A.B. asks: 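Would you mind keeping the following structure in view while I ask a few things?
Every value quoted in this text rests on a predicted model; they were computed, and no experiment measured them. Remember, it's 1-based here, ligands and their atoms both numbered in the order they're listed.
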Amino acid sequence: MPLTPTTAIWMDGEFVAWDDAKVHVLSHTMHYGSGAFEGIRAYKTSRGPAIFRLEEHIVRLFNSAKIFMIDIPFTVEELMEATSETVRRNDMAEGCYIRPLVYLGYGEMGLNPLPCPVNVAIAVWPWGAYLGEDGLNHGINLKISSWVRHNPNSMPTAAKGVGMYVNSSLAKIEAIKAGYDEAVLLAEDGQVSECTGENLFVVRNGVIYTPDSSGAGALEGITQDTVTTIAHDLGYEVRETTLVRTDLYTADEAFLTGTAAEVVPVRSVDDRIVGTGTPGPLTSAIQQHYFAAVRGELPQYEHWLTVV
Ligand code: PPE
């Protein structure tokens with residue numbers, strides 16, 4: 001998806017014009033991949049643009065950095081304020097995607113990241129349906145990847161680490177080249193983990209299941225948590241469990257969740273049509289409530305919004 005530039009990017013406490021937001025080619029993260037990032041969305045609400053679950057995202061950024069022993073030279077409060085300020089400064093009245101990035105900058109080479117300068121940037125841009133409008137409305141086609149999700153002892157799967165996404169990109173390439181929309185990654189033991197940038201849910205006999213975050217190396221998704229809360233509030237049972245690939249083939253419904261992707265129905269997995277091949281009733285109800293929640297239309301979820 002081509003990027004639509006906005007006006008200013010926050011870099012280490014100052015706003016820099018979009019075209020001038022550059023780093024040196026010898027920045028450490030460019031070579032070795034240590035770094036952490038977040039993906040957040042702001043939505044248009046009746047009270048102006050509001051950032052969805054800002055604090056949870058910034059706290060996860062700090063936890064990711066901690067795992068990599070990167071000391072962020074700002075506080076959680078400072079980065080929350082900087083994020084709000086970036087949305088305000090760029091006039092994102094219609095909402096936007098927000099990308100905070102913690103990276104190791106210029107000045108040191110070699111594998112020891114500890115002496116490196118730590119830089120932080122926050123950029124915003126308008127981003128439509130991540131997996132396409134058609135996918136959002138009618139469902140997407142998934143392929144189980146031949147690439148295996150990280151083992152938690154080779155990569156810290158609880159972290160949203162920059163270099164870790166090479167695994168996701170390889171799986172994405174494979175799926176797209178084979179004519180699918182998105183890949184499902186399995187753990188080494190065959191457990192369903194997640195998609196390249198989304199968590200997975202399946203529905204069977206009215207019960208909703210999602211892989212538990214500890215088992216299969218999936219990121220603990222904030223949208224996964226949002227959707228679990230919404231599903232409970234709608235009276236549905238949600239169980240964290242172990243899933244294998246055939247659970248996806250035979251599910252009544254399946255859907256993906258992520259900040260960028262939002263809530264996306266699954267049409268098929270490895271060419272097996274899921275359910276009727278159209279978004280199922282639970283998927284549709286949850287998707288509808290998710291969009292109402294992020295747009296500030298449901299008072300019970302107001303506490304998740306930070307109006308900028
Ligand atoms: N798993 C992975 C691997 C992942 O990257 C994401 C977010 C999720 C699950 C869902 O997490 P959450 O956003 O907290 O519900 N993926 C981000 C990156 C997208 C990108 O292309 O970059 C996102 O959705 O912002």
A.B. asks: What do you reckon, are the aromatic ring centroids of Y165 and F37 less than 6.0 Å apart?
C.D. replies: yes
A.B. asks: If only atom types and distance count, is the side chain of R89 paired as donor or acceptor with the main-chain N or O of W10 below 3.5 Å?
C.D. replies: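 Not confirmed, R89 side chain does not pair with W10 backbone.
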A.B. asks: Note down each nitrogen or oxygen pair, ligand 1 side and protein side, whose separation is under 3.5 Å; give only atom names and the distance to 0.1 Å.
C.D. replies:
unit_1   : atom_1 : unit_2 : atom_2 : d
ligand 1 : 1 (N)  : E194   : OE1    : 2.5
ligand 1 : 5 (O)  : K160   : NZ     : 3.1
ligand 1 : 5 (O)  : Y165   : OH     : 2.4
ligand 1 : 13 (O) : T259   : N      : 2.9
ligand 1 : 13 (O) : T259   : OG1    : 2.6
ligand 1 : 14 (O) : R60    : NH1    : 2.8
ligand 1 : 14 (O) : R60    : NH2    : 3.0
ligand 1 : 14 (O) : I222   : N      : 2.7
ligand 1 : 15 (O) : I222   : N      : 3.3
ligand 1 : 15 (O) : T223   : N      : 2.9
ligand 1 : 15 (O) : T223   : OG1    : 2.6
ligand 1 : 16 (N) : K160   : NZ     : 3.3
ligand 1 : 16 (N) : G197   : O      : 3.2
ligand 1 : 21 (O) : Y130   : OH     : 2.5
ligand 1 : 22 (O) : R99    : NH2    : 2.9
ligand 1 : 24 (O) : T259   : N      : 3.4
ligand 1 : 24 (O) : A260   : N      : 2.8
ligand 1 : 25 (O) : Y97    : OH     : 2.5

A.B. asks: Just do the side-chain hydrogen bond (donor to acceptor under 3.5 Å, both in side chains) check on T210 and E240 with the steps written out, would you?
C.D. replies: CA-CA 5 Å; T210 191; E240 284 201 1; over 6 Å; no
A.B. asks: Is the distance between the ring centroids of H232 and Y236 less than 6.0 Å?
C.D. replies: no
A.B. asks: Which of these passes side chain to side chain contact (heavy atoms under 4.5 Å, CB included) with F255: V264, V227, L200, V202?
C.D. replies: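 For F255, the side chain to side chain contact (heavy atoms under 4.5 Å, CB included) test succeeds with only one of V264, V227, L200, V202, which is V227.
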A.B. asks: Are R239 and Y209 in a cation-pi contact, defined as NZ or CZ under 6.0 Å from the six-membered ring centre and within 45° of the axis?
C.D. replies: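 Pair R239/Y209 does not count as cation-pi.
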